Protein chains: 2
Amino acid sequence: MRDVARHAGVSVATVSRVMSGASNVAEATQSRVQSAVDALDFVPSPAARAINSGRTYMIGALVPTLDHAIFSRFLDALELTLADHGFSLVVATTNDDPEREAQRALDLLNLGVEGFVVSGITRSATFEALIKRHKTPVIATSYFDPNSETPTIGYDNGTAARQALHHLVDMGHSDILVLSGPTWNNDRTKARLDALTGCTQARLTVREIPVTVAAAADHVATIPAHITALLCLSDVLAQGALHGLRRCGLEVPEDISVIGIDDLPSSHSLWPPLSSVHLPVRRMGACAGETLAQWIETGERAAPINLETRLEPRASVRRITPA
Amino acid sequence: MRDVARHAGVSVATVSRVMSGASNVAEATQSRVQSAVDALDFVPSPAARAINSGRTYMIGALVPTLDHAIFSRFLDALELTLADHGFSLVVATTNDDPEREAQRALDLLNLGVEGFVVSGITRSATFEALIKRHKTPVIATSYFDPNSETPTIGYDNGTAARQALHHLVDMGHSDILVLSGPTWNNDRTKARLDALTGCTQARLTVREIPVTVAAAADHVATIPAHITALLCLSDVLAQGALHGLRRCGLEVPEDISVIGIDDLPSSHSLWPPLSSVHLPVRRMGACAGETLAQWIETGERAAPINLETRLEPRASVRRITPA
DNA sequence: ACGGTGTATGAAACTAGTTACATGTGTCAA
DNA sequence: TTGACACATGTAACTAGTTTCATACACCGT
């Protein structure tokens, strides 16, 4: 900038004024500075600006993975909303590992993020200490708990699981196999599972497997004969189950009913169309972005928001008369 | 930092040394500074560090959308690789709009990104001018062109389209409907389409529709009777087509064959399993990350990389004997 | 006792901007 | 003609750290 000032025969203050939307700089001076800027290919340093304004306009998002429709939809909506508020989104993946989450949080803090959006409410002590120290706003998503210390913007995973279960029960099913992803370090899955156990209307058998199409497809080969319905705690598992059942020569829903949770965009165009519980992840992303932007601008801590999940009954669940 | 120095009874230089991995600071002084840091909850300013080092360790990614498996897989791999090299990923979506891409690029530049990963090779003049000025490394992906001015790391979209076409031709199909997404502002789709027109082994009818399951499902209701195969330029369209054909009472592949391009993870577990051309997007993400990191560290311009696409023949294409 | 060497530390100059305050000039009204 | 005021601009003090260079002191060998 000193160079530009010298080249234009003005002071650095004047160059600074021109660079940041000149308020009261003479027309002539303005163009003289602009020429110098062009001649020297001058670009102002973002870091230097940030040091003065104290702002970076960056938000960090910590998600288990980007390679899953549920998180990428969420992030898409989040990014769109944040962009509207002048914020940019820095993404880091945690693979559901709290230690890695804490490490990546530190990285983002060292970048200068002004706030965080994270998945779930379980965080390592390191992470907790970090955000307390930096006084960084954090919003937890994919979860709803009005009493959580960090504001949650999401849905009640227990309710979602119960909606799926009740649908199966309503349709006459009582021998149900629950296909779950790992509950280790995953409070969303744990909440879904916890809501199911203790249910007295049906006999539930729970199986914990990796959340992949292949694992679910392989697993359904070993389903006990008395099972009439499959409750998959995520649509990816349900898709795998559908595939695996077909491979075993079983018809859905004639031989066995299947329901999922997530309602991925592709689920309704499967064959048979997959019954599922819709999770409002786009809305969640927009809400989280809006709320976090507000929090940062006003300094007022965000309030938790509960978004409703919705049962989407489709053809993969059949009504049966109990034996 | 001045406060910490005063509190510990040392100079700012010493505090600075302690904060950045003390090399030669006396044990006693070190702990005295640490106490002061803890007492005052001091956290160093990333902006001030950046201003001195001239580094931000941020990479910007510009993609059409996050809400599409092909881009989110790519970004997942990219983020993982960049993290290994100490870089963080800032994501911005462009919706395939060059003007918006340029705007978002400017935003990211004002954040201080040290490099860009973009989709395709078509950029607005504004964008071009911007990166020339800032001398920011840019890598174009999802495309391969060894002669492009910006290095490309990706696959040949024309080859991918031809692989799909040749498979259909090999299986005896000559009356083919091509379902394409919009070519407007999308050089990847355009390249695929261009590779097909001029083909003499089959009669091609091209239809351009939005890239959604619903649009494809609706469209297949109007397929001319003589068509024996559907070539979808993306798996999302193929999935929609599969769904729509079923709705029309047509069997795949008995009544009509369908092939896609992308090979989304879910495609092989559809019914029927979808034949497709596999695009190595994970590898592309890893390569792009690796290469860009190298470029930034060494200053040596990256070389283009061509990744092979691969035909995945599955059950959705049937061999027929030409009438 | 003296000089050489090494380590620990501080003062001040640096990174690249922004901004408060002072100053100079020109216009207009009293 | 002079005071008041607006406007344009420069000076210098800020933002928050890093780094160079100088210095002080301890230790060791002669």
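The figures that follow rest on heavy atoms only: side chains count, while hydrogens, waters and symmetry mates do not. Values in this document were obtained by computation on a predicted structure and should not be read as measured data.
Ion pairing between a basic and an acidic side chain is recognised when a charged N comes within 4.0 Å of a carboxylate O; B:Arg282 and B:Asp76 show such pairing. A salt bridge is defined here as a Lys NZ or Arg NE, NH1 or NH2 lying under 4.0 Å from an Asp or Glu carboxylate O, and B:Asp262 with B:Arg73 fails to meet this definition. At a threshold of 4.0 Å, the pair B:Asp107-B:Arg104 counts as salt-bridged, since one of the basic side-chain nitrogens sits closer than that to a carboxylate oxygen. Note on A:Arg123 versus A:Glu101: no salt bridge recorded, every NZ/NE/NH1/NH2 to OD/OE distance being 4.0 Å or above. Using a 4.0 Å cut-off between charged side-chain N and carboxylate O, A:Arg133 and A:Glu128 make no salt bridge.
Residue B:Ser45 places its side chain closer to D:dG17 than to any other of D:dT11, D:dG17, D:dT9. Out of C:dG17, C:dG10, D:dG10, the shortest distance to the side chain of A:Thr14 is found at D:dG10. Between C:dG10, D:dG10, C:dT15, one nucleotide has an atom nearer to the side chain of B:Ser11 than all others, and that is C:dG10. Considering only side-chain atoms of A:Thr29, the nucleotide from C:dT18, D:dT9, D:dG17 that sits closest is D:dT9. The side chain of B:Ser20 approaches D:dT18 more closely than any other nucleotide in the set C:dT18, D:dT18, D:dT11.
In this entry the distance linking CZ of B:Arg55 with P of C:dT15 reads 19 Å, nearest Å. In this entry the distance linking CZ of B:Arg2 with C1' of C:dA12 reads 11 Å, nearest Å. Regarding A:Asp3, its CG atom lies at a distance of 12 Å from the C1' atom of C:dA16, rounded to whole Å. In this structure, the CZ atom of A:Arg6 is 13 Å from the P atom of D:dT11, given to the nearest Å. Rounding to whole angstrom units, CD of residue A:Gln30 and P of D:dT9 are separated by 9 Å. Atom CG in A:Asn52 sits roughly 13 Å away from atom P in D:dG17 (whole-Å rounding). Atom CE in B:Met1 sits roughly 18 Å away from atom P in C:dT15 (whole-Å rounding). Straight-line distance from the CD1 atom of B:Ile51 to the C1' atom of D:dT18: 11 Å, rounded to whole Å.
Across all strands, A:Val43 comes closer than 4.0 Å only to sugar-phosphate atoms, never to a base (heavy-atom distances). Heavy atoms of A:Ala13 sit under 4.0 angstrom from at least one base atom. Note on B:Val25: only backbone sugar-phosphate atoms sit closer than 4.0 angstrom, heavy atoms only; bases stay farther off. Heavy atoms of B:Val10 sit under 4.0 angstrom from primed sugar atoms or phosphate atoms, though from no base atom. B:Val33 comes within 4.0 angstrom of no nucleic acid atom, judged by non-hydrogen atoms across all strands.
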Does B:Phe74 form a side chain to side chain contact (heavy atoms under 4.5 Å, CB included) with A:Leu66? I'd like the steps, not just the answer.
CA-CA 9 Å; B:Phe74 165 68; A:Leu66 281 162; over 6 Å; no
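Toward the 5′ end of DNA chain D lies the nearest nucleotide of A:Asn24, the other residue of the pair A:Asn24 and A:Val12 mapping further downstream. Comparing B:Arg49 and A:Ala48, the nucleotide of DNA chain D nearest to each residue sits closer to the 5' end for A:Ala48.
In the interface, the side chain of B:Arg17 is not paired with the base of D:dG17 through any donor and acceptor atom under 3.5 Å apart.
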